[in-house]
Amino acid sequence: MTPQKTILVADDERRWREHATGLLADLYKVECVNDCESVLARIGRGGIDLVVLDHLMPGTEPLSTGIDVCLHLK
């Protein structure tokens, strides 16, 4: 049996995290974070196969938006 893939859902709005989890949880392991710094911290621990990232999610300099996180991860 293939291990279940893990998706990290990153959004500052709780309802969108819950909605995404509801859509994905039957097929994937879903983890959620609500700020830019938490995205990097979670990815740093490993085991994430896909990130669903809110591009307008707030953070602190130098990662003040989800776009900054995306560029950093690239």
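Scope of the values below: all heavy atoms of this structure, side chains included, with no hydrogens, waters or symmetry mates.
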(Q) Rounded at 0.5 Å granularity, tell me how far CG in Leu56 sits from CD1 in Ile67. (A) 6.0 Å

**Q.** Nearest heavy-atom neighbours spanning Met57 and Cys36
**A.** O-SG, 3.5 Å

Q. Mind checking whether Glu13 and Asp54 have side chains closer than 4.5 Å, heavy atoms only?
A. no

Q) Is any side-chain heavy atom of Lys5 closer than 4.5 Å to a side-chain heavy atom of Leu50? A) no

Q.
If hydrophobic clusters are built from ILVMFWY residues whose side chains come within less than 4.5 Å, do Ile43 and Ile7 share one?
A. no

**Q.** CG on Asp11 to NE2 on His55, rounded to 0.5 Å
**A.** 10.5 Å

Q: Return each pair, listed once, that meets side chain to side chain donor-acceptor pair (under 3.5 Å) where at least one residue sits in residues 65-74; pairs must be two or more places apart or across chains.
A: Ser64-Asp68, Thr65-Asp68

Q: Would you mind telling me which of Val51, Leu53, Leu63 makes a side chain to side chain contact (heavy atoms under 4.5 Å, CB included) with Cys70?
A: Leu53

**Q.** Nearest atoms (heavy-atom pairs only) where Ser38 meets Val33
**A.** CB-CB, 3.6 Å

(Q) Quick check: is Val30 connected to Val52 through a chain of hydrophobic side chains (ILVMFWY, heavy atoms under 4.5 Å apart)? (A) yes

Q.
Looking at Thr6, is its backbone amide N or carbonyl O close enough to the side chain of Glu31 to form a donor-acceptor pair, meaning the two atoms are under 3.5 Å apart?
A. no

Q: Measure the CD1-CG distance between Ile48 and Leu73 for me, rounded to the nearest 0.5 Å.
A: 11.0 Å

Q) Glu37 and Thr60: which non-hydrogen atoms are nearest, and at how many Å? A) OE2-OG1, 2.5 Å

**Q.** Crowding at CZ, Arg14 (>12 non-hydrogen neighbours, <6.0 Å)
**A.** no

Q.
With side-chain contact (heavy atoms from CB on, under 4.5 Å) as the criterion, how do Asn34 and Arg17 come out once you've worked through the C-alpha distance, each side chain's angles and the decisive distance to 0.1 Å?
A. CA-CA 8 Å; Asn34 63 359; Arg17 292 191 309 269; 3.2 Å; yes

(Q) According to a hydrophobic-cluster definition based on side-chain heavy atoms being under 4.5 Å apart (Ile, Leu, Val, Met, Phe, Trp, Tyr only), do Leu27 and Leu24 belong together? (A) yes

